[in-house]
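To start, the structure itself, in structure tokens.
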Number of protein chains: 2
Amino acid sequence: MPNPAPRSPLLQGTLDLLVLKTLARGPRHGYAIARWIEDATDDALRIEEGSLYPALYRMERRGWIDAAWGKSEIGQRIKVYSLTTAGRAQLRAESAQWSHFTAAVAKIVGQP
Amino acid sequence: MPNPAPRSPLLQGTLDLLVLKTLARGPRHGYAIARWIEDATDDALRIEEGSLYPALYRMERRGWIDAAWGKSEIGQRIKVYSLTTAGRAQLRAESAQWSHFTAAVAKIVGQP
DNA sequence: TCGAGCTACCTTGACATTCTAGGTACAGCA
DNA sequence: TGCTGTACCTAGAATGTCAAGGTAGCTCGA
């Protein structure tokens, strides 16, 4: 008896790349990063907060991003993230890896 | 102190698609599926046996593939997998999902 | 003034998947 | 005889994502 299929976790391993690339356009706070990615992809990519904040924490721990507390225009406390030099290198590496990977998948998937 | 980065798990969620697509070319046994994917991608994709066999078992349980014991040309016992009708539908669905997803990522990643 | 709704952050626990590292068995060959 | 390659399998650990909760403060309308 076939079990139902859960939604497939394609985002796995790509979230870091997306966040790094978003921060490459300039510093942003967490919530804004998620909103920007969703907007830029017409909601094709939805970033859950339960994935985002652990990811940001992880990347900070690895030295790819820096965090600084600040205030939004309306006075809310926000945590602003920016790319470090190591983060920039990581972005290049993950970018290359991503295109390498998709090219390989295309060799299998992209044919009759 | 920055921690080292482990290799990122890009394959996550894509293995099923790769296996389904491989089986769409005709029945194959597990080991041969892995070899074929590695060959077709010039070793860009490496399929570990510890990932492959659980994945095959999973997909069989979900009714996407059928398994049958057989013998290789040199008399080794092999387990030959083939796509079911449900598997063919799943392949179409995952294919569509994959191109949808990569297109969305490209919107973020693929620009200056 | 009270509450609803939004921004913004965070955490816990469950879950799925992959990988490492083992294991078995047998065939062919040196 | 022992090595290499084919072929299958599994246990345990690690990783990452998600659902679902929570906090706090601001704005705006009733």
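A note on names: the letters A, B, ... follow the listed sequences, proteins ahead of strands, and every chain is numbered from 1.
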Nearest heavy-atom approach of T22(A) to R28(A) is O-NH1, 3.8 Å
By nearest nucleotide on DNA chain D, pick out whichever of R46(A) and R77(A) is the more 5' one. R46(A)
Between the base of dC9(C) and the side chain of E49(A), is there a donor and acceptor pair under 3.5 angstrom? yes
Given dC8(D), dC18(D), dA8(C), identify the nucleotide with an atom nearest to the side chain of I78(A). dA8(C)
Ranking dC10(C), dT17(C), dG16(D) by distance to the side chain of Q12(A), first place goes to dG16(D)
In terms of heavy-atom contacts, G87(A) and L20(A) come closest through O-CD2, 4.1 Å
Give G30(A) one of three labels, base, sugar-phosphate or nothing, depending on what nucleic acid heavy atoms sit under 4.0 Å from its own. sugar-phosphate
Hey, which sits more toward the 5' end of DNA chain C by its nearest nucleotide, S72(A) or P54(A)? S72(A)
Nearest whole Å is fine: how far is dC18(D) C1' from L56(A) CG? 16 Å
Once you round it to whole Å, what is the distance between C1' of dC10(C) and CG of L52(A)? 11 Å
Could one point to a donor on the side chain of Q76(A) or the base of dC9(C) with an acceptor on the other under 3.5 Å away? no
List the atom of P54(B), the atom of E49(B), and the distance in Å for their closest heavy-atom pair. CD-O, 3.9 Å
Figure out the CD/P separation between E48(B) and dA7(D), and round it to whole Å. 17 Å
Any idea which of dC9(D), dA7(D), dC18(D) is nearest the L11(A) side chain? dC18(D)
From the set dC8(D), dC18(D), dA8(C), return the single nucleotide nearest to any side-chain atom of S51(A). dC18(D)
